[in-house]
A.B. asks: 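Dropping the structure in here first, questions after.
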Amino acid sequence: MTKLSVNINKIATLRNARGGNIPNVLNAAINCQLYGADGITVHPRPDERHIRYKDVLDIRPIIKTEFNIEGNPSDSFIDLVLSVRPHQVTLVPDRHDAITSNAGWDTVRNRIFLTDVVATFKKAGIRTSLFVDTNPVNIENAAVTGTDRIELYTEPYASGFSLNAAEAIEPFIKAAEFARELGLGINAGHDLNLDNLNYFHKNIPWILEVSIGHALISDALYLGLENTIQMYKRQLAD
Ligand code: PXP
């Protein structure tokens, strides 16, 4: 079964646009789980322009499913994750000023650093995942760090899907087969949506978890949050 983790950063972005507490991020996390999400993902950035560090602390006690915190492992991020103790931490090499994550790790160049950070989290009993592209060199060196999982960066799949779906999925099938051979668990995320998710799932059913934010929260404006989460879940059901 592929789990659906809902990234609620966009709820925080909307709230932050006005100050105050509308929409309420905590209620969104509660409701996503009530409506069928298998997990909640948050991505605190150093400038706190989306999810704030305080949100992460506030959300922790209401998690009944799985809590995934993603981010660039700065000292303050590492301290936050160690104090919150989520089920999973996903390490992402996003620049401070990046609009959104736009690349996976160069796990060759960052191998020593990542090995160290992965060990810190694993010692605390937190499952680790490294955001990577489909390059086998990056996957092989991700495995060397000792990480439990990788998260495949699916933007290239999403952007190629409407042109040629079979071509777009091919490197992802190969990468997921290779990662499985290496004993890595595999997550996926970025730009997955109601059009491209089922094809991704059908071709790589052993993906353990997808984390989806932008498209899902945007769909919810039209379709409602409960209905939207159920629709995404159905894409992962067959
Ligand atoms: N995975 C990672 C590592 C991300 O940084 C993001 C975006 O914050 C996502 C998944 C979700 O991407 P999207 O918002 O396009 O669904």
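Since the model is a prediction, treat every value here as computed from it, not as a measurement. Note: hydrogens, waters and symmetry copies are ignored here, and every other heavy atom, side chains too, is used. For ligands, and for the atoms within them, numbers begin at 1 and follow the listed sequence.
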A.B. asks: Could you check whether any heavy atom of I212 sits closer than 4.0 Å to an atom of ligand 1, since that is the contact criterion I want to use?
C.D. replies: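 Per 4.0 Å heavy-atom rule, I212 contacts ligand 1.
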
A.B. asks: I'd like to check whether H43 has a polar contact with ligand 1, where a contact means an N/O of the residue lying under 3.5 Å from an N/O of the ligand.
C.D. replies: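 N/O-N/O distance below 3.5 Å exists for this pair.
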
A.B. asks: Any chance the side chains of Q235 and N198 put a donor and an acceptor closer than 3.5 Å?
C.D. replies: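 Looking only at side-chain atoms, N198 and Q235 do not form any donor-acceptor pair under 3.5 Å.
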
A.B. asks: Do T90 and N68 get their side chains close enough for a donor-acceptor pair, meaning under 3.5 Å?
C.D. replies: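 T90 vs N68: donor-acceptor pair found between side chains.
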
A.B. asks: Can you find a non-hydrogen atom of S211 under 4.0 Å from ligand 1?
C.D. replies: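 Within the 4.0 Å threshold, so yes.
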
A.B. asks: Does ligand 1 have an atom under 4.0 Å from some heavy atom of N9?
C.D. replies: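 Heavy atoms of N9 never come under 4.0 Å of ligand 1.
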
A.B. asks: Considering only non-hydrogen protein atoms, determine which one is nearest to atom 5 (O) of ligand 1 and report residue, atom name and distance to 0.1 Å.
C.D. replies: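 Protein heavy atom with the smallest distance to atom 5 (O) of ligand 1: S101 OG, 2.4 Å.
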
A.B. asks: Enumerate the atoms of ligand 1 whose separation from the nearest heavy atom of V92 is less than 4.0 angstrom.
C.D. replies: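 Counting from 1, the qualifying ligand atoms are 3 (C).
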
A.B. asks: In the structure I gave you, are the side-chain heavy atoms of V118 and T120 within less than 4.5 Å of one another anywhere?
C.D. replies: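 Not touching, per the 4.5 Å side-chain cut-off.
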
A.B. asks: Which of the atoms of ligand 1 are close to N7, meaning less than 4.0 Å from one of its heavy atoms?
C.D. replies: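 Counting atoms of ligand 1 from 1, those under 4.0 Å from N7 are 8 (O).
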
A.B. asks: Give me the nearest non-hydrogen protein atom to atom 15 (O) of ligand 1 as residue plus atom name, then the distance to 0.1 Å.
C.D. replies: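 For this ligand atom, the closest protein heavy atom is D191 N, 2.8 Å.
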
A.B. asks: Under 3.5 Å, is there a donor-acceptor pair between the N227 and Y35 side chains?
C.D. replies: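 Result is no, nothing qualifies.
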
A.B. asks: Between H87 and F67 (judged by ring centroids, cut-off 6.0 Å), do the two rings come close enough to count as a pair?
C.D. replies: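 Distance test on ring centres: not under 6.0 Å, no.
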
A.B. asks: Tell me the protein heavy atom at minimum distance from atom 16 (O) of ligand 1, and give that distance in Å.
C.D. replies: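 Nearest protein contact, heavy atoms only, for atom 16 (O) of ligand 1 is G213 N, 2.8 Å.
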
A.B. asks: Would you call the rings of F113 and W105 parallel, tilted or perpendicular, taking 30° and 60° as the class edges?
C.D. replies: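 F113 and W105: tilted rings.
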
A.B. asks: Where is the nearest protein heavy atom to atom 1 (N) of ligand 1: which residue, which atom, and how far?
C.D. replies: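 Scanning the protein heavy atoms, the shortest distance from atom 1 (N) of ligand 1 goes to E151 OE2, 2.5 Å.
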
A.B. asks: For atom 12 (O) of ligand 1, what's the nearest protein heavy-atom neighbour? Residue, atom name and distance, please.
C.D. replies: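 For this ligand atom, the closest protein heavy atom is H190 CA, 3.4 Å.
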
A.B. asks: For residues N141 and T107, is any side-chain donor paired with an opposing acceptor at under 3.5 Å?
C.D. replies: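 No donor-acceptor contact under 3.5 Å links the two side chains.
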
A.B. asks: Quick one: which of R45, E70, H214 has a heavy atom closest to atom 3 (C) of ligand 1?
C.D. replies: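 Checking each option, the heavy atom nearest atom 3 (C) of ligand 1 is found in E70.
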
A.B. asks: Examine ligand 1 and decide if any of its atoms is less than 4.0 Å from a heavy atom belonging to L192.
C.D. replies: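 It does not; every heavy atom stays at 4.0 Å or beyond.
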
A.B. asks: So, N187 and Q88: side-chain donor and acceptor under 3.5 Å apart, yes or no?
C.D. replies: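 Present: a donor and an acceptor within the cut-off.
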
A.B. asks: Side chains of S129 and E151 only: does a donor on one sit below 3.5 Å from an acceptor on the other?
C.D. replies: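 No.
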
